[in-house]
Peer 1: 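Quick one: the structure is below, and I'll ask about it shortly.
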Amino acid sequence: MLSDNPTLEEVASYFANDQFATRAAGCTVVEASRGHAVCEMKLTEIHRNATGNVMGGAIFTLADFTLADFALAIACNIGEPPSVSVSNTIEYFSATKGEKLIATCDVDKSGRRLGFYTVEITDDTGRRIAKMCATCAR
């Protein structure tokens with residue numbers, strides 16, 4: 001478990017073992033505090049589908065991809081007991097036009113057993129790409 005006020009380096013070190021997010025997908029931590037996280041993913045050809053658009057799975061990976069999710073995991077595990085996502089919904093608004101994706105996760109309510117979070121995904125042009133709502137169990 002991460003402390004209430006970890007440094008960015010401590011957060012990055014803790015989540016370095018999330019190799020799918022950090023190594024395969026290229027996700028990085030930009031901001032991290034209790035109930036809040038901002039993560040980025042520089043887009044490469046590996047993130048694109050046959051038509052050249054960014055795959056929904058790449059967008060979802062940046063937002064959340066299971067027990068070791070990224071933006072969601074960071075926001076819901078700082079200063080809290082270990083948490084896992086149990087339910088996620090994602091709406092895709094627009095195709096990506098920029099060169100990187102930015103996921104901003106904020107807590108809506110953090111309870112004893114459940115936490116509720118919203119992740120907004122934009123690209124580096126400011127375009128809204130997707131929104132994910134998640135419920136996490138502690």
Peer 1: Run the side chain to side chain contact (heavy atoms under 4.5 Å, CB included) test against Asp106 and tell me which residues pass, sequence neighbours left out.
Peer 2: His36, Thr104
Peer 1: Applying the 4.5 Å side-chain criterion to the ILVMFWY set and letting contacts propagate, would Val38 and Met41 be lumped into a single cluster?
Peer 2: no
Peer 1: Could you pull out all residues at least two apart from Asp4 that satisfy side-chain hydrogen bond (donor to acceptor under 3.5 Å, both in side chains)?
Peer 2: Arg34
Peer 1: List in chain and number order the residues that pass side chain to side chain contact (heavy atoms under 4.5 Å, CB included) with Glu10, two or more places apart in sequence or in another chain; answer none if no residue qualifies.
Peer 2: Pro6, Thr7
Peer 1: Hey, could you give me the CZ/SG distance between Phe15 and Cys27, rounded to the nearest 0.5 Å?
Peer 2: 12.0 Å
Peer 1: Rounded to the nearest 0.5 Å, how far does CD of Glu31 lie from CD1 of Ile102?
Peer 2: 11.0 Å
Peer 1: Tell me if a side-chain donor or acceptor on Asp123 pairs with a main-chain N or O of Thr96 at a distance below 3.5 Å.
Peer 2: no
Peer 1: Can you check whether Gly57's main-chain N or O pairs, donor with acceptor, with Thr61's side chain at less than 3.5 Å?
Peer 2: yes
Peer 1: Check for me, please, whether Leu114 and Val107 land in the same ILVMFWY cluster - side-chain distances under 4.5 Å, paths through other members count.
Peer 2: no
Peer 1: Does any non-hydrogen side-chain atom of Leu43 lie less than 4.5 Å from one of Val54?
Peer 2: yes
Peer 1: Considering only Ile, Leu, Val, Met, Phe, Trp and Tyr, and joining two whenever side-chain heavy atoms are under 4.5 Å apart, list the other residues clustered with Met55.
Peer 2: none
Peer 1: Quick one: CZ on Phe60 to CD1 on Ile121, what's the gap to the nearest 0.5 Å?
Peer 2: 9.0 Å
Peer 1: Not counting sequence neighbours, which residues clear side-chain hydrogen bond (donor to acceptor under 3.5 Å, both in side chains) with Asp124? List them please.
Peer 2: none
Peer 1: Considering only distance and modelled atom types, tabulate donor-acceptor pairs under 3.5 Å from the side chains of residues 126-138, sequence neighbours left out.
Peer 2:
unit_1	atom_1	unit_2	atom_2	d
Arg127	NE	Ser94	OG	2.4
Arg127	NE	Ala95	O	3.1
Arg127	NH2	Ser94	OG	2.9
Arg128	NH2	Glu120	OE1	3.1
Arg138	NE	Gly111	O	3.2
Arg138	NH1	Cys76	O	3.4
Arg138	NH1	Ser83	OG	2.7
Arg138	NH2	Ser110	OG	2.7
Arg138	NH2	Tyr117	OH	3.0

Peer 1: Are Val119 and Val30 linked, directly or through intermediate hydrophobic residues, by side-chain heavy-atom contacts shorter than 4.5 Å (ILVMFWY only)?
Peer 2: no
Peer 1: Under a 3.5 Å cutoff, is there a donor and acceptor pairing between the side chains of Asp108 and Thr118?
Peer 2: yes
Peer 1: Which value, rounded to the nearest 0.5 Å, describes the distance between Cys39 atom SG and Ile74 atom CD1?
Peer 2: 3.5 Å
Peer 1: Once you round to the nearest 0.5 Å, how far does CD1 of Ile59 lie from CD1 of Ile90?
Peer 2: 6.5 Å
Peer 1: Using 0.5 Å steps for rounding, measure from the CZ atom of Arg48 to the CG atom of Asn53.
Peer 2: 7.5 Å
